[in-house]
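Quick notes on the structure that follows.
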Number of protein chains: 2
Amino acid sequence: MKNIFLSLNLCLLCITHTAMADETPLTPASVIEASKPSDWRQPAQSNLLHMQLENGEVIFELAPHFAPNHVANLNTLVNDKYFDGLAIIRSQDNYVAQWGDPNAGTDKAKSQGKAKAELEPEFYRQLEGLEQMTIESRDPYADQVGFSRGFTFGSDDAAGKDSRAWLTHCYGALGAGRGMAANSGNAAELYVVTGHAPRHLDRNVTLLGRAISGMELLSSLPRGTGTLGFYETPEEAVTIKAIRLGSQLPKDQQSRFEIMRTDTKTFASHVKSRTTRLNEWFLDSTGKIGVCNVGVPVREVTE
Amino acid sequence: MKNIFLSLNLCLLCITHTAMADETPLTPASVIEASKPSDWRQPAQSNLLHMQLENGEVIFELAPHFAPNHVANLNTLVNDKYFDGLAIIRSQDNYVAQWGDPNAGTDKAKSQGKAKAELEPEFYRQLEGLEQMTIESRDPYADQVGFSRGFTFGSDDAAGKDSRAWLTHCYGALGAGRGMAANSGNAAELYVVTGHAPRHLDRNVTLLGRAISGMELLSSLPRGTGTLGFYETPEEAVTIKAIRLGSQLPKDQQSRFEIMRTDTKTFASHVKSRTTRLNEWFLDSTGKIGVCNVGVPVREVTE
């Protein structure tokens with residue numbers, strides 16, 4: 001019985017069946033199969049954020065080309081081992097998981113060392129100069145959507161230098177929580193999107209990365225029973241063993257990923273294969289796509 | 001510290017702060033506060049599907065106006081207590097949880113009694129005659145989107161009787177899994193969307209309801225480690241104690257909900273409040289909305 005649902009799938013594990021035995025239809029799997037080594041990049045270890053939990057590791061790729069100051073401040077915090085022993089304090093269904101210092105704002109708060117306490121927002125940047133590939137999609141929230149170095153972004157149609165680009169709140173996006181003031185986020189309190197993309201947060205909060213591995217550890221956390229999914233007791237909170245950059249880890253603890261380059265013809269084929277579904281299971285091949293449903297292929301390199 | 005994130009929220013629990021002390025801004029909370037009893041409906045007990053798990057209950061509202069034959073077959077299965085003792089067999093991250101008979105397709109499969117083994121697909125229906133309220137949204141997948149009796153739907157721009165309407169795969173949507181053949185789904189194997197809306201499944205599979213309570217029990221399930229998130233051992237599978245219609249339950253075990261009517265001015269105000277965010281936290285009030293981000297307010301009646 002399991003087999004008949006194999007085709008109900010989104011992912012790289014696609015098993016495709018086709019009536020045209022002589023010709024491989026364009027599917028996510030066939031695109032990867034036909035890809036060349038140069039279609040992939042290995043992210044810098046200094047851009048990989050390892051969140052070590054009791055039951056495994058979530059790994060994020062950081063986006064300094066969108067949020068250089070937040071990434072820099074996060075690096076300062078991580079270098080100081082700020083997050084070690086802190087906790088996931090919130091898991092709100094169909095929304096976000098959030099972590100930081102459970103004692104923040106009290107006199108038991110952990111020192112943030114040399115990190116800046118406030119940062120000017122990096123909600124968006126100038127579109128001009130952004131390495132980008134736009135896709136054809138009627139997006140509810142942005143005039144244009146696309147990919148930049150593996151990250152989904154939206155942009156507006158303003159002219160020339162006025163045009164803005166911003167990272168989008170797709171599943172797995174990593175953000176810096178903030179309070180009422182625009183500059184009150186400093187990457188000491190972070191969240192990740194665990195539900196349907198809350199795109200109304202776009203341009204209201206700084207995004208600085210996205211999960212590339214282990215997302216299920218955060219998305220399957222028990223939901224908090226407090227208001228907005230906050231855990232109500234310290235016992236519920238999930239301890240963070242450590243957060244490290246890949247570049248801080250001994251070589252044998254580093255993970256090596258290959259991420260499909262999003263500025264290639266191969267990635268354009270990937271988008272096409274996700275837009276028009278040629279897997280036999282699809283009776284209506286759709287022919288349309290939302291930016292958060294494209295996905296960027298990631299594979300771990302094991303030697 | 002928790003307080004400063006209170007405003008980072010999606011839901012009915014909104015605590016709103018406003019600079020305009022004299023005038024209540026249109027927020028989801030203010031819309032509910034100003035609503036009249038006639039803005040709400042109590043769903044029929046015969047349309048409420050109670051999925052009873054060891055750790056609680058998930059409750060779905062069924063959509064016979066979109067999938068009458070699948071709802072009827074599901075009723076037959078539920079009347080026969082078909083699901084009692086079966087299991088959740090799959091949890092795929094950012095996609096679906098799925099349940100049914102782990103032995104389906106083998107000689108240990110549970111009898112489906114008088115239920116039909118195959119059903120003609122109900123992937124869409126005629127738009128004409130559908131009770132509906134459309135919303136202004138640039139939807140990636142459908143020409144028009146809106147709400148019908150509390151359910152999100154999409155439709156196309158074909159003329160007159162050719163125009164089709166279909167339930168959309170938003171978070172919490174309940175579907176009838178199928179194999180390769182269009183008629184191979186019969187509601188004996190069901191799934192619910194637990195991640196970002198996989199809208200490419202629209203019109204490819206029959207949707208027949210949506211979760212209105214307890215979704216977190218399904219969305220926070222451990223992800224299966226097998227292909228496509230299938231659980232690999234019987235031990236991983238989560239037993240279903242029973243599935244019942246509200247109308248089959250003793251009165252004291254029924255739940256009574258009020259769901260905001262989606263054909264009212266009040267619901268139009270709700271959509272507006274979700275489109276343009278007047279909560280002070282939002283520095284960019286967005287002014288745009290995706291259909292899966294609207295949400296239909298549901299409240300439980302306790303006397």
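When reading the values below, keep in mind they use all heavy atoms of this one structure, side chains included, and skip hydrogens, waters and symmetry mates. All chains are named by letter (A, B, ...) in the order of the sequence lines, taking the proteins before the strands, and each is independently numbered beginning at 1. Here the structure is a predicted model, which means the values were calculated and not measured.
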Need one label for [X]: side chain, backbone, both or neither, based on atoms under 4.5 Å from any heavy atom in chain B.
X        : value
A:Ala181 : neither
A:Tyr171 : side chain
A:Leu221 : backbone

Next item on the list: Taking the six-membered ring of A:Tyr191 (Phe, Tyr or Trp), confirm whether the NZ or CZ of A:Arg90 is under 6.0 Å from its centre and within 45° of its axis.
Entry: no
Item checked: Option that, when pairs with chain A are counted at under 4.5 Å, heavy atom only, ranks first among B:Ser219, B:Gly195, B:Ser285 -> B:Ser219
Checklist line | Option in A:Asp202, A:Leu283, A:Thr286 with maximal non-hydrogen atom pairs under 4.5 Å from chain B | finding: A:Leu283
Item checked: Residue, of A:Ser220, A:Ala182, A:Ser137, that accumulates the most heavy atom pairs under 4.5 Å with chain B -> A:Ser220
[atom1] of [X] to [atom2] of [Y]: how many Å apart, nearest 0.5 Å?
X        : Y        : atom1 : atom2 : result
B:Leu167 : B:Leu207 : CG    : CG    : 5.5 Å
B:Arg138 : A:Asp143 : CZ    : CG    : 6.5 Å
A:Leu77  : A:Ser111 : CG    : OG    : 9.5 Å

Notebook entry, point to check: Side chain of A:Tyr141, backbone of B:Gly290: donor and acceptor closer than 3.5 Å?
Noted result: yes
Checklist line | Taking every non-hydrogen atom, the tightest pair across B:Met215 and B:Val193 | finding: CE-O, 3.4 Å
Checklist line | chain A contact via B:Ala142 - which portion, at a heavy-atom distance below 4.5 Å | finding: backbone
